[in-house]
Student: 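The structure is given below, and queries will be raised subsequently.
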Amino acid sequence: MSALMDRLMEGFPALRDLDAEARRLLEDGARPATVAAGTSLFLDGDPCTAFTLVLDGAVRVQKVSESGRCIVLYRVEPGETCVLTTNALMAAIPYGAEGLAETDLAVAIVPLSTFRRLLAVSEVFRRFVFSAYATRISDLLLLIEEVAFARIDTRLAHLLLARADPSGQVRATHHELATELGSAREVISRQIKEFERHGWVSAARGRVVVCDRVALETVGGGDGGRRTQPQG
């Protein structure tokens with residue numbers, strides 16, 4: 001078995017159950033590739049010609065409006081696949097968003113012909129593809145629910161807690177936080193200032209420091225006792 005197949009079996013445990021024919025198809029078709037951080041992998045409207053399996057690094061998939069507003073839909077990290085890629089390949093349609101290499105990447109690229117052949121002959125591969133697809137769709141539905149119905153203070157509190165390092169620092173600009181939440185930078189800046197006024201966070205250039213984790217957990221948990229007024 002090749003070094004690439006070793007990495008695929010290690011990074012994607014579900015593929016270990018492939019039968020001999022499917023393994024041969026995958027090994028013959030897949031090729032390794034590296035991508036530098038900041039590289040655009042696909043743009044909204046681009047055709048899709050291959051199935052990509054992320055071995056190392058992270059891909060940020062985002063949607064940009066005509067006005068330039070941007071929201072992060074999800075990230076594809078090691079052991080994961082991109083639902084937009086799967087959708088585009090199966091439906092023979094262009095990408096509906098854009099993908100950016102957030103870090104340096106190591107990937108395995110499976111050509112469209114190999115992808116289709118594996119879907120046709122391997123129940124294990126079909127289960128692997130559709131299980132990942134279903135999980136990501138659930139995540140996207142949750143994102144839609146949050147954007148449509150959740151307060152921005154709740155969502156920002158969740159994001160700050162999720163991204164804080166052990167010292168409580170979130171290394172991100174207000175613009176980057178706004179992109180994550182599908183909001184405007186001005187809205188996020190106002191909400192961070194409101195958190196600062198309560199002493200829950202402190203903000204500096206390019207970072208936010210969580211000062212009162214319990215308070216943010218209360219905001220994020222939906223307790224009305226300490227929540228700020230929504231800002232957008």
Side-chain angles (χ1 to χ4, degrees), residues 37-40 54 56-80 82-84 97-105 135-232:
T39 301
S40 177
V54 177
D56 287 308
V59 177
R60 185 172 76 241
V61 180
Q62 58 192 26
K63 183 74 173 179
V64 182
S65 70
E66 292 183 0
S67 66
R69 286 275 295 276
C70 179
I71 182 171
V72 175
L73 300 178
Y74 55 87
R75 286 177 172 81
V76 186
E77 298 182 327
E80 298 177 343
C82 176
V83 66
L84 285 183
E98 62 182 40
L100 183 73
E102 198 163 50
T103 66
D104 290 342
L105 298 175
T135 298
R136 190 66 79 182
I137 288 293
S138 296
D139 291 343
L140 286 174
L141 289 174
L142 179 59
L143 174 63
I144 292 169
E145 182 179 345
E146 289 179 348
V147 171
F149 304 118
R151 292 166 53 123
I152 196 65
D153 59 343
T154 299
R155 298 176 60 225
L156 179 58
H158 273 301
L159 181 60
L160 292 175
L161 290 169
R163 291 193 56 171
D165 66 18
S167 69
Q169 293 197 59
V170 179
R171 299 189 181 279
T173 65
H174 292 190
H175 175 75
E176 290 168 340
L177 294 172
T179 296
E180 291 280 342
L181 296 173
S183 185
R185 182 188 59 78
E186 296 79 8
V187 171
I188 298 305
S189 294
R190 287 198 300 270
Q191 191 62 63
I192 287 175
K193 286 181 180 178
E194 183 70 10
F195 285 175
E196 278 192 295
R197 187 175 68 82
H198 286 279
W200 301 343
V201 306
S202 65
R205 187 175 182 85
R207 64 187 175 95
V208 178
V209 180
V210 174
C211 302
D212 191 336
R213 174 173 286 272
V214 173
L216 289 185
E217 287 173 347
T218 300
V219 174
D223 188 315
R226 300 185 67 180
R227 288 176 61 170
T228 65
Q229 291 299 311
Q231 299 295 315

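None of these values were measured; they are calculated from a predicted model.
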Student: Got a second to check how far R163's CZ is from L177's CG, nearest 0.5 Å?
Tutor: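 Output value for this atom pair is 6.0 Å.
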Student: Working to the nearest 0.5 angstrom, can you tell me the gap between R185 CZ and T173 OG1?
Tutor: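 Reported to 0.5 Å precision, the distance equals 9.0 Å.
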Student: Going by an N to O cut-off under 4.0 Å, is there a salt bridge joining R75 and E80?
Tutor: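 Looking at R75 and E80, the cut-off is not met.
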Student: CD of Q62 to CD1 of I71: how many Å apart, nearest 0.5 Å?
Tutor: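 Q62 CD to I71 CD1: 10.5 Å, rounded to 0.5 Å.
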Student: Nearest heavy-atom pair of A97 and L84: which atoms, and what distance?
Tutor: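 Shortest heavy-atom contact: CB-CD1, 3.5 Å.
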Student: One pair to check against side-chain contact (heavy atoms from CB on, under 4.5 Å): I137 and L141. What are the steps and the verdict?
Tutor: CA-CA 6 Å; I137 288 293; L141 289 174; 4.2 Å; yes
Student: Using side-chain contact (heavy atoms from CB on, under 4.5 Å), reason through L216 and W200 one step at a time and then give a plain yes or no.
Tutor: CA-CA 7 Å; L216 289 185; W200 301 343; 4.2 Å; yes
Student: Just by modelled atom types, is the V187 backbone N or O under 3.5 Å from a matching donor or acceptor in the S183 side chain?
Tutor: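 Pair absent, no side-chain N/O of S183 close to backbone of V187.
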Student: Indicate the atoms forming the closest heavy-atom contact of A58 with E77, along with that distance.
Tutor: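 Smallest interatomic distance, heavy atoms only, reads CB-CG, 4.0 Å.
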Student: Would you give the length of the straight line joining atom CD of Q191 to atom CG of D153, rounded to the nearest 0.5 angstrom?
Tutor: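 These two atoms lie 5.0 Å from each other.
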Student: Considering non-hydrogen atoms only, spot the tightest contact between F195 and A157 and give its length.
Tutor: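 Here F195 and A157 meet closest at CE1-N, 4.2 Å.
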Student: If every non-hydrogen atom of A203 is compared with every non-hydrogen atom of I192, which pair is closest and at what distance?
Tutor: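 Of all heavy-atom pairs spanning A203 and I192, the closest is CB-CG2, 4.0 Å.
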Student: Below 4.5 Å, heavy atoms only, C-beta onward: do R207 and V170 meet side chain to side chain?
Tutor: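 No. Closest side-chain heavy atoms not under 4.5 Å.
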Student: Nearest 0.5 Å, please: how far is CD in E145 from CG in L140?
Tutor: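 Between L140 CG and E145 CD, I get 13.0 Å after rounding to 0.5 Å.
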Student: With distance as the sole test, does D56 use its side chain to make a donor-acceptor pair with the main-chain N or O of L105 at under 3.5 Å?
Tutor: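 It does not hold such a pair.
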Student: Taking all heavy atoms of C70 and all of V64, pick out the closest pair and write down the distance.
Tutor: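 That would be SG-CG2, 3.9 Å.
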Student: Answer yes when E194 and R197 have at least one side-chain N-carboxylate O distance shorter than 4.0 Å, and no when they do not.
Tutor: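 Yes, E194 and R197 are salt-bridged.
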Student: Kindly say whether A150 contributes a backbone atom to a donor-acceptor pair with the side chain of T154 at under 3.5 angstrom?
Tutor: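 Side chain of T154 to backbone of A150: no pair is present.
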Student: Look up atom CD1 in I188 and atom CZ in R155, then write down how far apart they are to the nearest 0.5 Å.
Tutor: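 CZ of R155 is found 7.5 Å from CD1 of I188.
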Student: Could you tell me which non-hydrogen atom of S202 sits nearest to which non-hydrogen atom of C211, and how far apart they are?
Tutor: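 Minimum heavy-atom separation between S202 and C211: N-SG, 3.7 Å.
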Student: For a 4.5 angstrom cut-off between non-hydrogen side-chain atoms, does V83 reach Y74?
Tutor: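 Side-chain contact under 4.5 Å: yes.
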Student: Have a look at V201 and tell me which of L160, L156, V209 forms a side-chain contact (heavy atoms from CB on, under 4.5 Å) with it.
Tutor: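 Per the side-chain contact (heavy atoms from CB on, under 4.5 Å) rule, the option paired with V201 is L160, out of L160, L156, V209.
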